[in-house]
Amino acid sequence: MIDSAGYDPDGYQAMLSGAGHYDAGMRLVEEDEHDARVAEFQEAERCYLAAAEKGNVHAWLCLGYVYSYDRCEGEYAPLPEGGGRPYPREQRAFECFSRAAQAGLAEGCYKLGDLYKAGVGCAPDEGQAFVKYAEACRLARTDPPVIWGSAALRLATCFENGCGCPQDFSDALRWYRRAQTGLEIAVNDGDWYYERVLARAKKGVQRMRQELHPE
């Protein structure tokens with residue numbers, strides 16, 4: 001039980017509880033488990049909110065995932081500074097990832113970049129998306145490979161397509177290679193979820209090689 005009167009002053013236990021509920025929700029995939037799945041995500045949200053109120057910056061990142069993927073299907077609690085007013089989950093996701101990015105979390109930066117790119121919770125802005133992806137790559141240097149690999153993949157895509165930056169196949173190839181390296185490490189360590197993302201990085205390397213050295 002999380003005691004707001006003094007126990008768990010940094011929100012760490014609340015974060016652990018939230019992660020447990022979130023993982024439980026992700027495992028409930030059958031049609032007859034729908035209500036239980038939403039309930040688990042609602043408990044995860046409650047725990048993450050408690051951690052965020054105590055200054056845990058990773059809680060804002062986790063909340064961003066809850067809102068951006070609409071895990072609770074529209075049934076959400078008030079945000080700590082929202083005065084109890086309801087507002088769209090897209091805006092919630094943008095606010096939460098913004099807080100995580102401002103705290104220097106690389107994952108928060110590239111997720112915020114995704115929202116800028118798609119115009120979710122904000123006006124579409126490819127320039128800001130590129131800025132956030134580049135910032136994520138800088139911040140992620142000491143993070144786990146899955147983080148710097150994921151950030152590199154996004155930056156590579158920007159250089160390939162001229163999204164918020166001049167098109168540059170050489171830079172795209174460099175970042176696709178870095179993405180492939182990081183994501184291969186993650187997959188080899190058992191993070192199978194990133195197999196499809198790794199395949200995208202590998203295809204990016206192949207495309208850029210072809211663009212730079214056509215046969």
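Side chains included, hydrogens not; waters and symmetry mates left out as well; all remaining heavy atoms used.
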statement: With sequence neighbours left out, the residues meeting salt bridge (Lys or Arg N to Asp or Glu O under 4.0 Å) with Asp70 are Arg89
Note, His34 side chain near Glu73 side chain (heavy atom, < 4.5 Å): yes
Lys/Arg cation over aromatic Trp148: Arg141, 6.0 Å, 45° cone: no
- request: Tell me, with the steps shown, if Lys54 and Asn56 meet side-chain contact (heavy atoms from CB on, under 4.5 Å).
  value: CA-CA 6 Å; Lys54 295 184 177 184; Asn56 191 304; 5.8 Å; no
- request: Determine which pairs satisfy side chain to side chain donor-acceptor pair (under 3.5 Å) with at least one residue from residues 183-193, sequence neighbours left out, and list them in order.
  value: Gln180-Glu184
statement: Output for pair (Cys165 SG, Glu126 CD), nearest 0.5 Å, gives 9.0 Å
message: Are Ser170 and Leu212 packed together at the side-chain level, in the sense that at least one heavy-atom pair is separated by less than 4.5 angstrom?
response: yes
query: So do Tyr110 and Leu155 actually touch side chain to side chain, heavy atoms under 4.5 Å?
result: no
message: For the backbone of Gly119 and the side chain of Asp125, can you confirm whether one donor and one acceptor N or O come within less than 3.5 Å of each other?
response: no
message: Under a 4.0 Å threshold between the charged nitrogen and the carboxylate oxygen, would Glu107 count as salt-bridged to Lys111?
response: no
- request: Any chance you could measure Gln91, atom CD, to Cys96, atom SG, to the nearest 0.5 Å?
  value: 10.5 Å
- line: Closest heavy-atom pair, Ala129 versus Tyr116, reported as atoms and distance to 0.1 Å, is N-CB, 3.9 Å
task: Grab the two heavy atoms, one from Asp8 and one from Ala14, that are nearest each other, plus how far apart they are.
output: OD2-N, 2.9 Å
- prompt: Hey, quick one: are Leu153 and Leu139 part of the same hydrophobic cluster, counting side-chain heavy atoms closer than 4.5 Å, chains of contacts allowed?
  reply: no
message: Working note: Gln206 + Gln210, criterion side-chain contact (heavy atoms from CB on, under 4.5 Å); need CA distance, chi angles, decisive distance, verdict.
response: CA-CA 6 Å; Gln206 294 171 356; Gln210 179 62 31; over 6 Å; no
message: Test of understanding: clusters of I, L, V, M, F, W, Y form through side-chain heavy atoms closer than 4.5 Å, transitively. Do Val120 and Leu61 belong to the same one?
response: yes
statement: On a heavy-atom basis, the closest approach of Ser150 and Tyr194 is OG-CE2, 3.9 Å
Asp114 bridged to Arg154 by N-O distance under 4.0 Å: yes
message: Could you check whether any side-chain heavy atom of Tyr67 comes within less than 4.5 Å of a side-chain heavy atom of Phe94, counting everything from C-beta outward?
response: no
- request: Please list, chain by chain and in numerical order, all residues satisfying ring pair (Phe, Tyr, Trp, His ring centres under 6.0 Å) with Phe130, sequence neighbours excluded.
  value: Phe159
N/O donor to acceptor pairs below 3.5 angstrom from side-chain atoms of residues 20-29, sequence neighbours left out:
unit_1, atom_1, unit_2, atom_2, d
His21, ND1, Glu40, OE1, 2.7
Tyr22, OH, Arg71, NE, 2.9
Tyr22, OH, Arg71, NH2, 3.4

Spatial distance of atom CD (Gln102) from atom SG (Cys109) [nearest 0.5 Å]: 9.5 Å
- prompt: Where do Met15 and Cys47 land on the side-chain contact (heavy atoms from CB on, under 4.5 Å) test, with the steps shown first?
  reply: CA-CA 6 Å; Met15 274 292 300; Cys47 292; over 6 Å; no
message: Set out, in order, the CA-CA distance, both residues' side-chain angles and the distance that settles side-chain contact (heavy atoms from CB on, under 4.5 Å) for Val57 and Arg99, then state yes or no.
response: CA-CA 7 Å; Val57 296; Arg99 286 175 176 267; over 6 Å; no
NZ/NE/NH1/NH2 to OD/OE distance under 4.0 Å, Glu160 and Arg207: yes
- request: Quick one: pull up CG in Leu63 and CZ in Arg92 and give me the separation to the nearest 0.5 Å.
  value: 9.0 Å
statement: Closest non-hydrogen atoms of Gly64 and Ala93, given as atom of the first, atom of the second and distance, are O-CB, 4.0 Å
message: For Met208 versus Ala172, what's the shortest heavy-atom pair and its separation?
response: SD-CB, 3.6 Å
statement: Between Ala179 and Gly149 the two heavy atoms that sit nearest each other are CB-O, 3.4 Å
- prompt: In Å, rounded to the nearest 0.5 Å, how long is the span from CD of Glu45 to SG of Cys72?
  reply: 5.0 Å
- request: Starting at OH of Tyr76, measure out to CG of Leu49 and round the result to the nearest 0.5 Å.
  value: 11.5 Å
- prompt: Tracing side-chain links under 4.5 Å among I, L, V, M, F, W and Y, which residues wind up in one group with Tyr12?
  reply: Leu16
Any residue meeting ring pair (Phe, Tyr, Trp, His ring centres under 6.0 Å) with Phe97, in chain and number order, not counting sequence neighbours: Tyr65
query: Can Val205 be reached from Ile185 by stepping across I, L, V, M, F, W or Y side chains whose heavy atoms are under 4.5 Å apart?
result: no
- prompt: So do Arg209 and Arg177 actually touch side chain to side chain, heavy atoms under 4.5 Å?
  reply: yes
query: Can you check whether Tyr176 reaches Thr157 side chain to side chain, under 4.5 Å on heavy atoms?
result: yes
query: Is the closest side-chain heavy-atom distance between Phe41 and Val38 below 4.5 Å?
result: no
- prompt: Does some side-chain heavy atom of Cys137 sit less than 4.5 Å from a side-chain heavy atom of Trp175?
  reply: yes
